Amino acid sequence: MTIPPSPAKRPTIRDVSRIAEVSIKTVSRVINDQQYVSQDKRKRVLEVMAEIGFQPSQAARALKGGRSHQIALICDNPNPWYVYEIQAGVRERCAQDRVRMIAQPYDRASPTLLEDIVALIDQAHPDGLVLAPPACDDHRVIDELERRAIPFVRLQPGGQASDAPSVLIDNEQAAFDMTQHLLALGHRRIGFIVGDRSYAASGQRLAGHLRALSAAGVDVDLDYVRQGQFDFASGQSGADALLDLAEPPTAIAASSDDLAAGVLAAAHRRGIAVPGELSVTGFDDAPLAQVVWPALTTVRQPVRDCAAAAAGLLLDPEGLREQRVAHELVIRDSTAPPAA
């Protein structure tokens, strides 16, 4: 007959050992999915654990040299959709291996940023980390993880800050493809609104845009480049500055869909028809891209797929140092040939 532990106490590994009539070492081996346990004993231990509601301490398992079956995601918050897609991708891949995802916000302005990440590692003992941008290029974080020999994967990194595995799309080529689309329509005065400076992808997308102009023999005029943040407000202000030029652009390419939505708002406020008088493009293919009017021509960035791939490189290493995920140019109603 099963003898449950006292209801006033949380079930312990000793309770499991006593009720299942096996040694504590055997229970530990079952918890850590180790060998040298017969199928009969393994089955009995798992049944007892489920019956009495025993939950092994992840931290204790890690301290004993076993896996914690947790990975941590360090993620900034440029917009809610982007964060949700990253979290969903990592979480879905973790679920396949019955691994828990822990999400840690990355606040680059916090004076305790590194201490907060170290505290997460010391308390939760994750088996590895996924570093989303811009944490993936933060030397403070990378140096600490390498010093501790903790596995990590960089998501959308901007440089060679580490030899750790990485997952990314070719941001430069994606922006090149978008600008080339506008050039093929006949546009020559093309404005560009850059994303947040702290994201390497922002510089990569600007580089792709400028390369496309040069390849087409179009003189690069930096008056047609404006700095943004990846948000609606800086899209509006950037568009206003571009549209106030003596020779305003006939097309504006934005580094995110939120920026592009701000461009649309500025154009509508001025009575400028899109795409009849101004073509507008975005980047990401967030749900917003199909809600605004007109629907945005944009680059589809498979954020969730990239995040899942990053988690996969932690959970099932394949020896890859870099995994590239394909982007896609999505043509909708916000682009057309320039007005005569």
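This is a predicted model, so every value here is computed, not measured.
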Legend entry - Within-4.5 Å side-chain heavy-atom neighbours: P126 and F152: no

Inset, instruction - Find the distance between CG (N79) and CD (Q229) and round it off to the nearest 0.5 Å. - result: 13.0 Å

Inset, instruction - Take V16 and V45, measure what side-chain contact (heavy atoms from CB on, under 4.5 Å) needs, and give me the verdict at the end. - result: CA-CA 7 Å; V16 177; V45 169; 4.0 Å; yes

Inset, instruction - Provide the closest heavy-atom pair for I169 versus P302 in the form atom of the first, atom of the second, distance. - result: CG2-CD, 4.0 Å

Inset, instruction - Give, for atom CG of L73 and atom CD of Q87, the distance between the pair rounded to the nearest 0.5 Å. - result: 6.0 Å

Legend entry - Side-chain donor-acceptor contact under 3.5 Å, R211 with Q180: no

Inset, instruction - Using a strict 4.0 Å threshold on nitrogen-to-oxygen distance, state whether D240 and R269 make a salt bridge. - result: yes

Legend entry - Backbone of V194 reached by a side-chain donor or acceptor of R226 within 3.5 Å: no

Legend entry - Distance in Å, I102 CD1 paired with H125 NE2, rounded so as to fall on 0.5 Å steps: 10.5 Å

Inset, instruction - Any chance you could pull the hydrophobic cluster mates of I193, using side-chain heavy atoms under 4.5 angstrom and chaining through other members? - result: Y199, Y224, F230, L242, L243, L245, I252, L259, V263, L264, I272, V274, L278, V280, L288, V292, L296

Inset, instruction - Please determine, by modelled atom types, if H187 and S279 share a side-chain donor-acceptor pair under 3.5 angstrom. - result: yes

Legend entry - Qualifying ring pair (Phe, Tyr, Trp, His ring centres under 6.0 Å) pairs, either residue in residues 320-340, two or more places apart: none

Inset, instruction - Return yes if some donor-acceptor pair links the side-chain N/O of T112 with the main-chain N/O of E115 below 3.5 Å, else return no. - result: no

Inset, instruction - Take atom CD of E21 as the centre, draw a 6.0 Å sphere, and report whether it contains more than 12 heavy atoms from other residues, nucleotides or ligands. - result: no

Inset, instruction - Applying side-chain contact (heavy atoms from CB on, under 4.5 Å), run through L145 and I121 and close with a yes or a no. - result: CA-CA 9 Å; L145 294 179; I121 294 169; 3.5 Å; yes

Inset, instruction - I would like to know whether D138 and Y106 meet side-chain contact (heavy atoms from CB on, under 4.5 Å); could you show each step before the answer? - result: CA-CA 11 Å; D138 191 322; Y106 174 88; 2.6 Å; yes

Inset, instruction - Any chance you could pull the hydrophobic cluster mates of F176, using side-chain heavy atoms under 4.5 angstrom and chaining through other members? - result: none

Legend entry - Residues in side chain to side chain contact (heavy atoms under 4.5 Å, CB included) contact with P157, at least two apart in sequence or another chain: C136, D137, R154, S166, L168

Legend entry - Test item: R189 and D221 side chains (from C-beta on) under 4.5 Å apart, heavy atoms: no

Legend entry - Test item: L213 and L183 side chains (from C-beta on) under 4.5 Å apart, heavy atoms: yes

Inset, instruction - Please check if atom CG in D219 has more than 12 non-hydrogen atoms from other residues, nucleotides or ligands closer than 6.0 Å. - result: no

Legend entry - salt bridge (Lys or Arg N to Asp or Glu O under 4.0 Å) evaluation trace for D244 with R270: CA-CA 11 Å; D244 282 340; R270 291 166 175 255; 2.9 Å; yes

Inset, instruction - Calculate, to the nearest 0.5 Å, the distance between atoms CD and CG belonging to Q236 and D231 respectively. - result: 10.0 Å

Legend entry - Side-chain donor or acceptor of T297 paired with backbone N/O of T281 under 3.5 Å: no

Legend entry - Pairwise distance CG(L185) to CD1(I331) - rounded to 0.5 angstrom: 7.5 Å

Inset, instruction - Name all residues meeting the side chain to side chain contact (heavy atoms under 4.5 Å, CB included) criterion together with D284; count only those two or more places apart in sequence or in a different chain, and write none if there are none. - result: W81, R205, S256, D257, Q301

Legend entry - With sequence neighbours excluded, residues passing side chain to side chain contact (heavy atoms under 4.5 Å, CB included) with R147: E144

Legend entry - Any side-chain donor near an acceptor of the partner, H181 and T335, under 3.5 Å: yes

Legend entry - Verdict with supporting geometry, F283 and N171, side-chain contact (heavy atoms from CB on, under 4.5 Å): CA-CA 10 Å; F283 202 110; N171 279 288; 3.8 Å; yes

Inset, instruction - Look at atom CZ of R98 and say whether more than 12 heavy atoms of other residues, nucleotides or ligands are closer to it than 6.0 Å. - result: no

Legend entry - Non-hydrogen side-chain atoms of D177 and V299 separated by less than 4.5 Å: no

Legend entry - Salt-bridge contact D285-R332 (side-chain N to carboxylate O under 4.0 Å): yes

Legend entry - Any donor-acceptor N/O pair, S237 side chain to S234 backbone, under 3.5 Å: yes

Inset, instruction - Using a strict cut-off of less than 4.0 Å between a Lys/Arg side-chain nitrogen and an Asp/Glu carboxylate oxygen, indicate whether K43 and D40 qualify as a salt bridge. - result: no

